[in-house]
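So the structure is just underneath, and the comments pick up after that.
Quick note on labels: first sequence line is chain A, next is B, and so on, each numbered from 1. All of these numbers come straight from a predicted model, not from anything done at the bench.
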There are 2 protein chains.
Amino acid sequence: MTTILTVDAVLLTLKDNRLHVALFQREAAPYPNVWALPGGYVHEQEDSNAQAAALRVLRDKAGVDAPYLEEFGTFSGRTRDPRGWALTVVYYALVPERSLSDKVTLFPVDDLPELAFDHAAIIDAVAARVRSKAGYSSLPVFLCAEPFTIPELHATYEAVIGEPQNMANFRRKLDDLQILEELPGQLRATGRNRKAQLYKLVAAFKRQLSIRERGF
Amino acid sequence: MTTILTVDAVLLTLKDNRLHVALFQREAAPYPNVWALPGGYVHEQEDSNAQAAALRVLRDKAGVDAPYLEEFGTFSGRTRDPRGWALTVVYYALVPERSLSDKVTLFPVDDLPELAFDHAAIIDAVAARVRSKAGYSSLPVFLCAEPFTIPELHATYEAVIGEPQNMANFRRKLDDLQILEELPGQLRATGRNRKAQLYKLVAAFKRQLSIRERGF
DNA sequence: TCAATAGTGTCTATAAGACACTATGCC
DNA sequence: GGCATAGTGTCTTATAGACACTATTGA
């Protein structure tokens, strides 16, 4: 009996102002017809490393291509998989809702269905990390589809962190980060009110997280 | 051919005011007689999970028992081990120099010998993380053998971070953390000068890191 | 009393948070 | 003009850093 080595991806997005995770329904045993994270074995031929395996899984099972992807950590032991001692490397990604295919189904991270393996514990741990990290990094920008307005980004941060953020301070901190580029003359109206300026991410920060010194 | 799954431990300590890593000389192939991190295969029978495997390796190969141990991340791919596609889960631990056995040899992390596998890259990455983390956490306290004085701890922080820290501010921040417990009446003299108060770690923080909000 | 290190009080600079304000667009 | 949202100026408060000071010990 050999050790089982897999990767799993926690694909997070914002829907109805709540953090959701993308799951799919397993077909094969173990856990047939049970919801699970997109994941699978490392393919030695195709995957140059574990992160490449996670990207492949996201592409094949969730239809998401090359998002911002970060290693979370490993989960291992002899009880988490009925087939034997198993280790999974967990990655997480944040994407805008509209970039998801219909291969996956979204569930609120605080209201999960029954899940295969230890995936419930994995999602809980990742959600906690992401919420904490939102407080001192630019992580949540990856939840907004470009181009976006500051008020949209502001609402995204409030949804992830879970408490109101002062708009004036929010703008000042965003300025300090220097990750946004104004799109001259491009505005977006949300009602019959003043239009908001549109922005995109500065190229250098497209796939790189920006850590704030003192928190959002 | 099956995937290779191992754990490696980066055991760090302070010696001559410089960060050192504990290495041992390999005997078997691959890389016979080359310096390497303490590490090895997961033992499905003995190890309840990967962290337990790392603790076992530290106990057996380095003679260090149950230190503060944290997962760093994984290194994987088909080129890092001549035997095939391999993944290692890297853990790191910080210990006082005098708690190390003579099974291992200490090398400055900035002046390493030739190393097996990708262990040089692993040590570089861990050292960078530890130095960065020293700036906003209580991590370096694990480098001091208890009981210790504030000036000793102060010197440890300066050595890890690499720049002078103001003593008055250092004390204030330590107070805020509330991780030290004064040992009443116990003092230590280092020369013929004023004696320094001895402290031990508060029990609750023995194996738990304390993160500062705003950095040391 | 001197030298050396231990330990403290307090001023200053900076950054975060609170809040009131102005600007724009559509009715 | 009125209302709703976009966006700004500035005061207050918390915290980090600088620095000068006092305290204790052995010689």
Can you check the A:Gln165 CD to C:dC19 P distance for me, whole Å? 15 Å
What is the distance from CD of B:Gln197 to P of C:dT8, rounded to the nearest Å? 10 Å
Length of the line joining A:Glu163:CD and C:dA16:P, which is rounded to integer Å: 16 Å
Partner set under salt bridge (Lys or Arg N to Asp or Glu O under 4.0 Å) for A:Glu146, not counting sequence neighbours: A:Lys206
Of all residues at least two apart in sequence or in a different chain, which pass the side-chain contact (heavy atoms from CB on, under 4.5 Å) check with A:Ala53? A:Val7, A:Val42, A:Asp47, A:Arg56
Mind calculating the distance between CG (B:Leu198) and P (C:dA6) to the nearest angstrom? 12 Å
Protein N or O to nucleotides 9-13 of chain D N or O, pairs below 3.5 Å:
none

Among D:dG7, C:dA16, C:dG7, the nucleotide that comes nearest once only the side chain of B:Arg171 is considered: C:dG7
Across all chains, not counting sequence neighbours, the side-chain contact (heavy atoms from CB on, under 4.5 Å) partners of A:Glu97 are A:Thr13, A:Lys15, A:Leu106
What is the ring orientation for A:Tyr68 with A:Phe142, classed by angle as parallel under 30°, tilted 30 to 60°, or perpendicular over 60°? parallel
Around A:Arg192, counting heavy atoms of other residues, nucleotides and ligands shown, do more than 12 lie under 6.0 Å from its CZ? no
Can the ring centroids of B:Trp35 and B:Phe24 be said to lie less than 6.0 angstrom from one another? no
Would you say the ring centroid of A:Phe72 lies under 6.0 angstrom from that of A:Tyr91? no
Going by heavy atoms closer than 4.0 Å, what residues in residues 174-195 of chain A are next to DNA chain C? A:Arg192, A:Asn193, A:Arg194, A:Lys195
Results of salt bridge (Lys or Arg N to Asp or Glu O under 4.0 Å) for A:Lys133 - residues two or more places apart only: A:Glu70
